[in-house]
Each structure stands twice: as structure tokens, then as C-alpha cells.
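Below, read A as the first sequence line, B as the second, and so on, with proteins coming before strands; counting in each chain starts at 1. Excluded from the calculations below are hydrogen atoms, water molecules and symmetry mates; all remaining heavy atoms, backbone and side chain alike, are included.
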There are 2 protein chains.
Amino acid sequence: MTNPDSRPLTLRDVSEASGVSEMTVSRVLRNRGDVSAATREKVLEAAKSLGYVPNKIAGALASQRVNLVAVIIPSLRNMVFPEVMSGISAVLEETDLQPVVGVTDYLPEKEERVLYEMLSWRPSGVIIAGLEHSDASRAMLKASGIPVVEIMDTDGTPVDCAVGISHRRAGRKMARAILKQGYQRIGFMGTKMPLDHRARKRFEGFTEALAKEGVEVVDQEFYSGGSALAKGREMTQAMLDRDPELDFLYYSNDMIAAGGLLHLLDAGVDVPGQVGLAGFNGVELLQGLPRQLATMDACRDEIGRTAAKIIADRTQDPNAEFERVVELAPKLSFGDTLKRR
Amino acid sequence: MTNPDSRPLTLRDVSEASGVSEMTVSRVLRNRGDVSAATREKVLEAAKSLGYVPNKIAGALASQRVNLVAVIIPSLRNMVFPEVMSGISAVLEETDLQPVVGVTDYLPEKEERVLYEMLSWRPSGVIIAGLEHSDASRAMLKASGIPVVEIMDTDGTPVDCAVGISHRRAGRKMARAILKQGYQRIGFMGTKMPLDHRARKRFEGFTEALAKEGVEVVDQEFYSGGSALAKGREMTQAMLDRDPELDFLYYSNDMIAAGGLLHLLDAGVDVPGQVGLAGFNGVELLQGLPRQLATMDACRDEIGRTAAKIIADRTQDPNAEFERVVELAPKLSFGDTLKRR
DNA sequence: CTGAAAGCGCTAACAA
DNA sequence: TTGTTAGCGCTTTCAG
């Protein structure tokens, strides 16, 4: 704030400094329409030497166009979302659209506030995590008249369109893989997050597929707060203390699974011979653990890219075709912790 | 996009629906000025039933006020920045200001673009990581006429004001602690990031303090890309192969330090007896490792809070007093990997 | 190729 | 307590 009182520069300032009409200055600055090289030169020089920064607020109001895409996610702490963001940014950087992030902390009311706030800037599109929203949020999305892509999840009905994976199917797939390896006494650990619908759906799919084979989860535990690695350790120890016969542990995310793995190795348990282990997400962060964790890739980057692509296409051409639901297939990697024989 | 062609609602629509003037509708919706309970009621009902979402673009243009704070950081992947964001959000949530994030990927040119883009929305303040910016960026910040807080680092001269820690001092402090424990043959591993000025300054402070005691870093290695944990493992193994006499390893961040730790334990090395270890950042993520890493807390949350506080105060009162440089003191934790005797 | 006029949707300032 | 008027800084549109 070296320049606290001087009025911000306007087009008019550039116009006066260059002796060119505001309109033509505006054209030059936006590379719109034909402007003679000489005039363009004059304008550019004046703008640069003054240090003019255009006022997008006025521009957006006049043109009724805002090159912003609202991206609404539950958290930045969970590495999943920064990775989705990367995919989105990578695609939007090829266009003139810009992502703007809003964080909901997994709270529907906060989601509603954030959404309202973002929509009031009249963005060109919305990318929002999950298919579960308050009625008011759904109403706002519907009324907005802009492309809306719900991401991460495809188990449900999108307001407009969706890109993600089926977490229910992912849970089932993992359950089948575990049973196939001959594991039988299975424990589950996850976050205590009634509002993390995707974790819930995975768990539901998981138990459902087990049930189909007559197997039930022997024990389960949910945590909240604290360091995931440490919690994974603690819960794993506690669960094995309660039931030393457990032969498989399924975790709702890779971090707590890693904690569990470290505990088991410390305790001298044979992994995966005596006890198998699997997490979820395929976070790159964790490559380099003593054992490579069995996990399932959530297609984060591709989800981001696909969602951004849909927004970009539909922004460019409102009649562009698009799929209502894009279901990606998560890849199961067995790592070193899911193979009995 | 269920509602693709219908014109977005305006104040006028609410005005007509409620039979109240636009101005009064505006007052109600902003809780400004005195409005009779009856009128307020009518307006609120009309607005809600129509599903009206105000147009902040028009509002901002008319009022010359934008309740946005631009937050410009190098990356969302490095957990440091989401944590700073939390601090910022926590404070701004008490005000009517909203953070908007821009990511630079550690590239000065991208920083310049992002800054330009954000300033063109005329935010109420800027929080930007680091003290090193291109001339153009510094010029824009100076000319903006709004409060600018440069965060994370205090080794240098801020454009307006700064909140952070001295990374040089942090490096020195760690060096002294290591020497004091009697370690002598010290190796260093870090990211290959010429543009990560803070890591560079830590390293400079580190070598400087060692030099003062006549000690030199015996070996050093820099990496880029890949999983930090895995890289930490590999580099550590390679370095110890090159020089088995090393007795201390200093890493530029906790993730690679954790990889190093896992390798050493696998290799049966006595930590910290035979080889000591230290990282940087104090990421909570890593609590739960077999040994608690020695590290230094970068005061991320407090940096975010303090920076946001400064912006909030100065936005409310342009003449508010504030410190030009707030240097926080990083706390050194010895954990289990930095104590010889 | 360049310019003039008329708003975009809202709010500051004033009047009633 | 409520309403009226005049812009905010730009872009659209239409005329030169």
C-alpha cells in the first residue's frame, strides 16, 4: 500500500495519456476488433507506463461475462482435492477461464453459504464435490442457468451432470478382491464423518459384497481429528487387541492404513501373510512405505480434467453435447499388502 | 443448467414482486439502514420465493468495495499452504472478507499473471507468499493502493509489510543444535528448487552456522519430482553408500526426512545414536512415524492468522497501525532423532 | 479502422 | 422510513 490514496487508474487515464478514445483503448487491451498497429502501439505503451490494470468488475458488468469457474470442495487438507484442482487448472489454463476455490469443511450449511457467495459473482460454471446438497443448494444450482458439474461421485442423480467414480462399486470391488485372496475375518476403520458420503458409500458397497458371500465385518472403528497416521496406529493396535484373529483390515483412507501398516510391522506381524491391509485413494505421497499399500485410485486428476473440459466446452458453445454422467473406473492396486498366497 | 435461457433475476424483479422500491430492497438484503419490519418481511419473502441471488459485480462496481482478499501461494500440494490458508480463513470468517486463492507453481511469470488477474478484481487486500517477486509484480503491488502482506519469510524487504519467520535464522538454529549434540559429519538433502527461496535461505543459514564452527556439509543432494517419501529413501541410501561415516542428515522438508528415517530403520541403523535426522515444517501429518522426527515448526497457522488480521484491520480502518515486519519464532522440536547423549 | 451513446445491476447521497 | 437520481468503469452497438 505504497499508494494509499491515489485513485486507481481507469481506461480514461490511458485514453488521455495516449490520445486515443476509450473505446479503442478497450479494443487494444482485449485484442478485439481491428486496430491499426500504430494506435495499438501507442495504447500499449501508455497502459504499461501508467501501470494500468483493467477493472474486471466493470468489464464483467458491461459484458455480462465472467471468466470464473467456481470450484467447491470440502477441504484442502485432504490431498485428494488439491489433486483434483490440478486437473481442473491444467485444462482451464488452455482457456480464458479461471478456477476460484471455495471450501465447505464438509458442512452442508457452509456449502450453501459458499455457493451463494460464489454464484453472486455470476461465474461461467460450477464444479462442486459430491451429489448430496441441501435443497436450497440444489435450487440455487438449478436456477443459476450455468453448467454445473458434480464431481467425485456417480452414485446418485446430478443436478446437471456428474463426473466421478462409483464409491459403492469401489467398495464392492475391494471386498471381492479381499475374499478372493482367502481373507475371512475382516475389520474396518474409517473417519467418523457422517457427512463424508463417499466414504459411507464405499463402506456400504463393501459390506454388501461381503454379505453376498456370507461374510460380515468383524469389528469397526471410527475416529475424528488428530494425525491420521497416529490414529491408524492406535486404532489398529486396539482392534487387534480386541480380536487377534483378524486377518484383514480395510481402511477408509491411505493415511490411516499407513499408520496401521507401521504398527503391524513394529509389532512383528507378517503383512500380508497373517494380516492383509488395504486403504483408499492411491495417494502418491505414500510411495516409499516399507510395503506398498493395497489401495484404489480415485482418478482424481482425470475427474478434474473431465469436469473442466465439460465446463469449457459448454461455456464456449451452450449447445455443446455432453454426457450427463461420466463414470470413471478406479484401478485397484494390490501393492504388497493384499495377497495371501 | 436446468434453467439455461431465463435471464438472471435482478433487484428490480424483487422490487416488483414485493411492491417495494429497489433501493429499499437493496437495504433489506444488505441489512443496511432502517427498514420497517413489515417491509423487510415482504422483501425477504419475495427474494426467497424468487430465488434471487444478488449480483456482486454490480454491487462492487457501485460501492467501489470488493470483500475479497487475494491469497497468492506457490502450491496447494505442499501441506504448508493449506495450513496457512486455514489460519487466514479462520480470521476472515469473523469479518465480511473472503479469501480467493491463486497458485503460482513457484514460477515468477505465473505469479505475475495471477497477480494481475487478481488485482483486476480490485480486492481489498493481498496476501502473497515470499519476498521475491518480479519487478513488474512489485510495481503492481505498490500501485494497487491496497494492503499487501508478504508471508512466510522475513529475510528481505517487504513491499508493504511482512509476516513470517527468518529461514536463515531457522537454518542456523538447526545447525547449532546439531553441532551441540556432537554430530560432525553432516549431509544435506533437499528439493532442486532454485525458486524456492525459503529452502535456499535455510540452507544458507545452515551452512553459515556450521562454517562458524569450522564444519562443512560433507555431502548434499537435490531432487525434483516423484514421491517425497520414496525420494527421501533413495537419496538417503545413496548418500550413506557414498559416505558411511555420515552421522547426521538434514533434510529440507519433513516428507523426505521421513523417507530417510524409514530407510535407516529398515537398514538397521541406530537412530539417533549412529545417525541423527532432522527435517523442516513440523507437519502434523507425520506424527505416528516409528520415531518422532526432529523438525522445526514454520508457524503456518499463526502466519495465516496474523496476515489476515492485518488485512482485516487495515481494511476496516485505513489508518490502523500495523507492524512492517512480524517475525515469528519457529520452535525446534528434537523428537527422537536428534540427541546423541 | 475509430468514436459516441447507452446501458450492465447495483448503491451513495440526497430528498421527501 | 422510503424513494429518486446519478453514476461506478467498462463494453455493446451502431454510426462515422
Could you check whether atom CG of A:Asp317 has more than 12 heavy atoms from other residues, nucleotides or ligands sitting under 6.0 Å from it? yes

Any side-chain heavy atom of B:Val43 within less than 4.5 Å of one from B:Tyr52? no

N/O (side chain, A:Gln64) to phosphate O (OP1/OP2, C:dG7) under 4.0 Å: no

Does the distance from a Lys or Arg side-chain N to an Asp or Glu carboxylate O, for B:Asp153 and B:Arg198, drop under 4.0 Å? no

Taking CZ from B:Arg65 and P from C:dC10, how many angstroms apart are they, rounded to a whole number? 17 Å

Less than 4.5 Å apart, any side-chain heavy atom of B:Ile311 and any of B:Ile88? no

How many whole angstroms separate atom CG of B:Leu61 from atom P of D:dG9? 7 Å

Strictly below 4.0 Å: does A:Tyr52 bring a side-chain N or O up to OP1 or OP2 of D:dG9? no

Check this for me, if you would: do A:Arg314 and A:Asp160 make a salt bridge, where the nitrogen-to-carboxylate-oxygen distance has to be below 4.0 angstrom? yes

In whole angstroms, the gap separating P of C:dC8 from CZ of B:Arg12 amounts to 9 Å

Taking everything shown except B:Gln316 itself, do over 12 heavy atoms lie less than 6.0 Å from its CD? no

Take atom CG of A:Leu11 and atom P of C:dA4, then tell me their distance rounded to the nearest Å. 14 Å

Looking only at D:dC8, C:dA12, C:dC8, the nucleotide nearest the B:Ser63 side chain is C:dA12

What is the distance, rounded to the nearest whole Å, between atom CD of A:Glu41 and atom P of C:dC1? 15 Å

Degree of bending in the helix from C:dC1-D:dG16 to C:dA16-D:dT1 once both end axes are built from five pairs, to 10°: 30°

Run the salt-bridge test on A:Lys110 and B:Glu93 with the 4.0 Å N-O cut-off and return the result as yes or no. yes

Residues forming a side chain to side chain contact (heavy atoms under 4.5 Å, CB included) with A:Glu22, sequence neighbours excluded: A:Leu11, A:Arg12, A:Ser15

I need the CZ-P distance between A:Arg7 and D:dG7, as an integer number of Å. 16 Å

Nucleotide C:dC8, atom P - distance to CD1 of B:Ile57 in whole Å: 15 Å

Please list residues of residues 16-40 of chain A whose heavy atoms come under 4.0 Å from any atom in DNA chain C, ordered by number; otherwise none. A:Val20, A:Ser21, A:Met23, A:Thr24, A:Arg27, A:Asp34, A:Val35, A:Ser36, A:Thr39

Could you check whether A:Arg40 pairs with A:Asp34 (Lys NZ or Arg NE/NH1/NH2 to Asp/Glu carboxylate O, under 4.0 Å)? no

Separation of C:dT2 C1' from A:Lys42 NZ (nearest whole Å): 11 Å

